Number of protein chains: 2
Amino acid sequence: MPKRVDLALLPAEAAPMAGDCYVVVDVLRATTTIAVLFARGLRELLVADSLERARELARRDALLLFGEVGGLPPAGFDHGNSPVEASTLDLVGAGAVLFTTNGTRALCGLPPPPATICTGAPANLGAVVEHLLRQQHIVVVCAGEDRGRRFALEDFAAAGRIIRETARRAPGAELGDAARLALEAIGPAGGPDRAAALIAGSEHARALSAGGLGADVAFAVRDDTSAATPVVANRGEGWALLTDRR
Amino acid sequence: MPKRVDLALLPAEAAPMAGDCYVVVDVLRATTTIAVLFARGLRELLVADSLERARELARRDALLLFGEVGGLPPAGFDHGNSPVEASTLDLVGAGAVLFTTNGTRALCGLPPPPATICTGAPANLGAVVEHLLRQQHIVVVCAGEDRGRRFALEDFAAAGRIIRETARRAPGAELGDAARLALEAIGPAGGPDRAAALIAGSEHARALSAGGLGADVAFAVRDDTSAATPVVANRGEGWALLTDRR
């Protein structure tokens with residue numbers, strides 16, 4: 001059972017928190033897309049910390065290439081970073097590479113083993129919380145914006161969903177200040193919560209909607225569209241390999 | 001009149017926000033102490049980014065030395081980082097040096113001119129808001145904990161006080177996501193606010209109280225015990241010179 005839950009408001013806060021399980025949240029849209037990719041049957045996913053590395057990894061192993069820069073798929077990519085698009089694909093047994101501006105960078109920058117790393121979002125809320133209930137010191141990490149240098153309200157609110165459900169199931173866990181703040185922002189366990197409204201009202205959500213990607217925002221606030229628990233199974237310089245732990 | 005108000009949850013977020021006026025908040029206790037030092041008649045205050053530099057600056061100009069490491073005044077310091085202690089001193093015309101773990105480091109790390117830098121806390125709420133109403137793009141900066149690498153709930157709540165009062169007086173100003181979150185956490189303008197409860201309930205406040213410094217926490221949540229607006233008037237490598245703008 002968890003003894004403590006912390007929330008890193010930016011990726012740079014995460015390592016000093018010295019958790020034994022890190023959960024990266026980039027709800028608009030990387031960790032939502034990742035949950036959906038595994039729900040569609042993906043076998044493994046390489047995430048990269050740069051566009052060049054993503055291209056190189058995909059070329060080397062002839063993998064599908066997903067991702068975005070400025071919200072849109074770069075030249076030569078097979079697909080964007082869109083959970084709606086991902087939900088239409090048959091990926092059974094496939095491998096893929098994903099690069100996004102914030103989420104995949106955050107995944108590549110976290111502490112090395114023995115700490116474990118997984119990804120979470122409302123899309124895989126139930127699955128990720130089941131996984132977290134077997135950990136000791138959980139650190140939920142907001143991927144943020146602007147390469148992780150800026151706070152993202154949508155990640156904070158989505159993290160609040162994960163913290164709230166974890167705290168409900170593990171009522172003895174101590175909560176750090178930022179984790180308590182997230183609960184106060186979305187509302188305490190047991191009542192309605194404001195997470196979806198905070199996510200949809202964030203500056204990033206409004207920019208996506210203005211760019212014609214409002215369907216991805218609507219998808220990202222839905223709970224449990226995936227039963228996957230993506231975990232980092234292997235890592236190297238600038239990349240991490242995710243598999244579905246379920 | 002302000003056009004936009006942003007909130008940097010950690011000092012590292014501040015520079016990319018490209019404000020033209022930064023307000024550093026380290027309510028427990030540096031920016032509360034600074035407000036009180038000027039209220040007691042201090043003429044100028046050098047803040048330093050390291051203990052060694054603080055000692056050197058004080059020695060060079062035979063200045064009073066204030067500050068803390070681990071909450072307590074280091075060997076050879078004249079005074080701690082305590083607003084309660086500061087409020088008992090006669091400092092008319094004096095100069096001093098201050099070093100603290102988070103607040104003075106944050107002040108030394110902000111963008112260079114033409115951006116301007118001041119310090120805020122509930123202690124000088126009215127004065128600092130008057131100053132902010134003459135700025136365009138305000139960035140309130142939480143000094144944080146652990147040398148600014150960790151989020152501090154008490155700074156967030158105190159920043160919320162400043163943002164709430166600024167937004168009430170400048171209702172046309174756009175608020176960034178984190179600034180809106182702070183308003184939601186303490187409650188919107190016009191009603192009661194929860195800032196004092198959040199400050200007093202923070203992990204840092206509880207640690208100070210456990211260490212016998214609860215009177216400083218009680219002092220820090222009080223509004224307008226000072227009419228000072230400390231601003232950075234000059235800067236060099238690892239130091240900044242504050243004077244009272246009023």
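Here the structure is a predicted model, which is why all the values come from computation and not from measurement. Here is how names work: the chains are called A, B, and so on, in the same order as the sequence lines, proteins then strands, and each is numbered from 1.
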Problem - Closest non-hydrogen atom pair, Glu13(B) against Leu10(A) - result: CG-CD1, 3.4 Å
Problem - Between CG on residue Leu181(A) and OG on residue Ser202(B), distance to nearest 0.5 Å - result: 11.5 Å
Handout entry: Glu184(B) (side chain) donor-acceptor with Ala185(A) (main chain) under 3.5 angstrom
Key = no
Handout entry: N/O donor-acceptor pair under 3.5 Å between Asp177(A) side chain and Glu203(B) backbone
Key = yes
Problem - Heavy-atom contact with chain B under 4.5 Å, split by part of Leu7(A) - result: neither
Fill in the blank from the handout: Honestly, the part of Arg147(A) sitting under 4.5 Å from a heavy atom of chain B is neither
Exercise for the section: Would you indicate whether Arg222(A), at its atom CZ, is surrounded by more than 12 heavy atoms from other residues, nucleotides or ligands within a distance under 6.0 Å? Expected result: no
Problem - Close side-chain approach of Asp6(B) and Arg150(A), heavy atoms under 4.5 Å - result: yes
Problem - Options Arg194(B), Glu154(B), His204(B), ranked by heavy-atom pairs under 4.5 Å with chain A, top entry - result: Arg194(B)
